[in-house]
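This one's a predicted model, so the numbers in the text were calculated from it and none came from an experiment.
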Amino acid sequence: AYDAAHVQRLQFIRRCRALDMTLDEVRALLQFIDTQSTVKDLDMLRAVVGDEKLNYLGYSYGSDIGSYYVENFPDKVGRLVVDGATDSSISVFEVGLTQTAGFQLALENYLAACPEMFDDCPFTGDKAADLATIRGLYDRYDASPVAAADGRLMDAGVLDIAMSMALYSQDYWPYLNDLFSEAIAGETETAFWLADFYYSRDVDGTYIDNSLEAFIAIYCVDYPVETDPTVLAEQERLLQEASPTTYRPSPPIGDTTCANWPYKYIGPGITELTGAGAPPILVVSTTGDPATPYEWGVALADQLESAQLVTFNGEGHTAYGQGNACIISTVDNYFLKGVVPESDPNC
């Protein structure tokens, strides 16, 4: 049986298919927006502007593009930095599992710091009790969604997206105080504000960009779809184990979006990258990053032959440009002067 979320995904696919059938341009494009095709496009752009080498800074998914560029065009690499790095050697399920655990850790880090950091902290500092409070909110809004002023219903899904958005950076933690205080009181303002920010939804109900839809189209072609019921059931168990606070079990039916996508997996396979022959590059990774967890950066730096790991001991998603002087000077000196640190500066 499909739950409401899976029904929405199927409706999304049907709308995409209808658009695809009426716009030949979209039909031609959708099969070629995978990461490998993007890397080839990037090298074409490098050639068009007349650059002998590619100088590149890639954040988050941009680190995928950067690391695959190093793999495919090592002789064209100039000075290249990936920040919020990902690990190409793991499956799409392992990506989701590690992120689920990463957001659980980020939530626990917030809860540990909250009582001393904020006068308006809605939590006690008792980890088990605070996590139970949050789990109770998920269960409450799953059972009885609350309508916002515009009629939209705040359920546990909205609460989850709002919380995840605020865990992307320690600077957003004050919004978590508002989010949970309001949720306890049955209010929805901050939850929808954060969720709308995540989805790039404007105040008039329109959307500023289509980045989330683009990611669906990309990973449906980048990754194979798992369909074995036994494997799917085990994956559900592991996800629940990784985040017992926020993960809500669903029927083990797999990725219904990509299973119904008009273009199937054409990726290179789950494989380690080596970038053999490339000049030195930097891999920046943050210990408290929930979206691209630190171990991914460590793994990528270990796999790429010419990579130097740059660790930021802190919270949030990506590090360069976030105000840490050590990270900024390390990356700037590399880009401007070609200086590669002899070892991880452990910023």
Could you go through the salt bridge (Lys or Arg N to Asp or Glu O under 4.0 Å) check for D43 and K76 one step at a time?
CA-CA 8 Å; D43 190 59; K76 301 299 183 183; over 6 Å; no
Decide yes or no on salt bridge (Lys or Arg N to Asp or Glu O under 4.0 Å) for R152 and D196, but give the supporting numbers first.
CA-CA 12 Å; R152 289 185 292 165; D196 287 348; 2.9 Å; yes
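Aromatic rings of Y265 and Y219 (six-membered ring for Trp) have centroids beyond the 6.0 Å cut-off, not under it. The six-membered or imidazole ring of Y207 lies away from that of Y199, with a centre-to-centre distance of 6.0 Å or more.
Evaluation of the side chain to side chain donor-acceptor pair (under 3.5 Å) rule for Q235 yields no partner, not counting sequence neighbours.
Without hydrogens or angle criteria, D51 side chain to L54 main chain gives no donor-acceptor distance under 3.5 Å. One N or O on the side chain of S306 and one on the backbone of P279 form a donor-acceptor pair closer than 3.5 Å. Under the 3.5 Å distance criterion, the side-chain polar atoms of S91 are matched with a main-chain donor or acceptor of E94.
Salt-bridge annotation for R46 and D41: absent, with no side-chain N of the basic residue lying under 4.0 Å from a carboxylate O of the acidic one.
Residue pairs meeting the disulfide bond (SG atoms under 2.5 Å apart) criterion with at least one partner in residues 144-246, sequence neighbours excluded, are C220-C258.
Using bins of under 30°, 30° to 60° and over 60° for the plane-to-plane angle, the ring pair Y168/H317 lands in the perpendicular bin. Between Y110 and F118, the two ring planes are tilted [angle within 30° to 60°]. Using bins of under 30°, 30° to 60° and over 60° for the plane-to-plane angle, the ring pair F197/W193 lands in the parallel bin.
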